[in-house]
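None of these values were measured; they are calculated from a predicted model. Just so it is clear, the values below take in all heavy atoms, side chains as well, and ignore hydrogens, waters and symmetry mates. Numbering of ligands and ligand atoms starts at 1, following listing order.
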Amino acid sequence: MDVVTLGETMVLFTPETTGLMRYARNYSAKVAGAESNTAIGLARLGYESGWISRLGNDEFGKMVLSFIRGEGVDTKSVHFDSSAPTALYFKEKLTSNETRVHYYRKNSAASQMLPNDLNEDYIAQAKYLHITGITPALSQSCYDTVMKGIEFAKKHQVQIVFDPNVRKKLWSEEEAKRVLLEISGKADIILPGLNEGEFLLDEKDPKKLVKKFYELGPSVVVLKLGSRGAYCLSDHEEGHVDGYPIRNVVDPVGAGDGFAAGLLSGYLDGLSLKKAVKRGNAVGAMVTEVDGDFEGLPEKDRLKSFMNGTSKDDVIR
Ligand code: KDG
């Protein structure tokens, strides 16, 4: 296994119309979860990824499992829980560039995850353990599960990749700061966004912010700057990596998960930090051009033509 990840995946309902959701009548049902988005991104690019989670033993849980398995992600470590439901999430498009999310995930099956759900061997055989700040926000037992995953990863020299993914709707700001900084200090690679960094470390300047994260302990810090690209720092490299021009942003949600998939795929191919970041920027940009949290994730050939600037505004016949 190249990358193993751990977290909740929900059924995502998106209204077919823009505006307040109270007026929406028709919805499309999709699947979304930051960690499984990254696992799908890696599978599409040809890498071996696995996802650890719990799902409700219900129709939505079955839908999520067959979908993620169908994308080529290993789901051996996903358990069905008959005592709690699969979580739901609604994405309300208020205007063409303003989105609001609504979670129905309290006491969901995934929020009941326990450290005992983790199989040490499953984590030990991976090169990277990917975690996000969403999972510890779900419950105390999810926090404990993340900590156990970190312990297993450290024991077996599995690199820990952490995306803080701040979700203020899930917990208090104080708790979020405390836990996300604690995990940042245990990770090998961290991938905060600029606003997240400012929230966590009270610093706006990318260069200073990256340095502050680096001083917490990780050997690689990549600060995502949206369409402006990213600023990165490691033991060997530092600098800004430009983003890609995006022709039409349809849906920015999921770009960070795509970034993680692109960056990790670069590392798995032995690329330098800046080249891996460049690939992360490209995958993140491609995700924003398509509706849905992961539908825009590319396969290798499309990623290559996007990065070479040879993808065309054309009809493919
Ligand atoms: O990163 C995109 C995620 O926010 C989305 O897919 C849903 O996992 C999700 C969450 O908790 O918001």
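- Nearest residue to atom 11 (O) of ligand 1 from R167, R105, K169, K30 is R105 (criterion: closest heavy atom).
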Exercise. Does the pair K62 and N57 meet the rule for a side chain to side chain donor-acceptor pair (under 3.5 Å), with working shown?
Worked result: CA-CA 7 Å; K62 308 254 159 90; N57 192 8; 3.3 Å; yes
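- Of the heavy atoms in M10, only side-chain atoms (C-beta onward) come closer than 4.0 Å to ligand 1.
- In the model, S219 has no side-chain atom that pairs as donor or acceptor with a side-chain atom of D188 under 3.5 Å.
- Of the polar atoms of N165, none of the N or O atoms is found under 3.5 Å from an N or O of ligand 1, judged by distance alone.
- Legend: residues meeting ring pair (Phe, Tyr, Trp, His ring centres under 6.0 Å) with F13, ordered by chain and number and at least two apart, are F60, F90.
- The protein heavy atom nearest to atom 2 (C) of ligand 1 is D257 OD2, 3.1 Å.
- In summary, the aromatic rings of F67 and F294 are positioned with their centroids under 6.0 Å apart.
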Exercise. Can you check ring-ring contact (aromatic ring centres under 6.0 Å, His included) on F306 and Y244, steps first, answer last?
Worked result: CA-CA 9 Å; F306 181 86; Y244 284 82; 5.4 Å; yes
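- Residue L170 does not touch ligand 1, judged by heavy-atom distances below 4.0 Å.
- Nearest heavy atom pair, residue K154 against residue K186, reads NZ-O, 2.7 Å.
- The contact set between ligand 1 and G33, taken as ligand atoms under 4.0 Å from a residue heavy atom, comprises 6 (O), 8 (O).
- Under 4.0 Å from ligand 1, not a single heavy atom of L12 appears.
- Closest non-hydrogen pair, D81 versus A109, comes out as CB-CB, 3.9 Å.
- Numbered from 1 in the order shown, with element, the atoms of ligand 1 that lie under 4.0 Å from a heavy atom of I134 read 8 (O), 10 (C), 11 (O).
- In this structure, L271 shares a hydrophobic cluster with no other residue, the cluster being traced through Ile, Leu, Val, Met, Phe, Trp and Tyr side chains under 4.5 angstrom apart.
- Counting only heavy atoms of the protein, atom 6 (O) of ligand 1 lies nearest to D293 OD2, 2.6 Å.
- The distance from ligand 1 to the heavy atoms of A32 drops below 4.0 Å at these ligand atoms: 6 (O).
- For ligand 1, the atoms lying closer than 4.0 Å to a non-hydrogen atom of V253 are 2 (C).
- Within the 4.0 Å heavy-atom shell around ligand 1 one does not find G256.
- Placement of L233 and V241 in two distinct hydrophobic clusters is found when ILVMFWY residues are connected by side-chain heavy-atom separations under 4.5 Å, directly or transitively.
- Protein heavy atom in closest approach to atom 8 (O) of ligand 1: A34 N, 2.9 Å.
- With hydrogens and angles disregarded, a donor-acceptor distance shorter than 3.5 Å links the side chain of Q112 to the backbone of N107.
- At least one N or O atom of N37 sits closer than 3.5 Å to an N or O atom of ligand 1.
- Of all the heavy atoms of Y89, the ones lying under 4.0 Å from any atom of ligand 1 belong exclusively to the side chain.
- Ranking protein heavy atoms by distance to atom 12 (O) of ligand 1, first place goes to Y103 OH, 2.5 Å.
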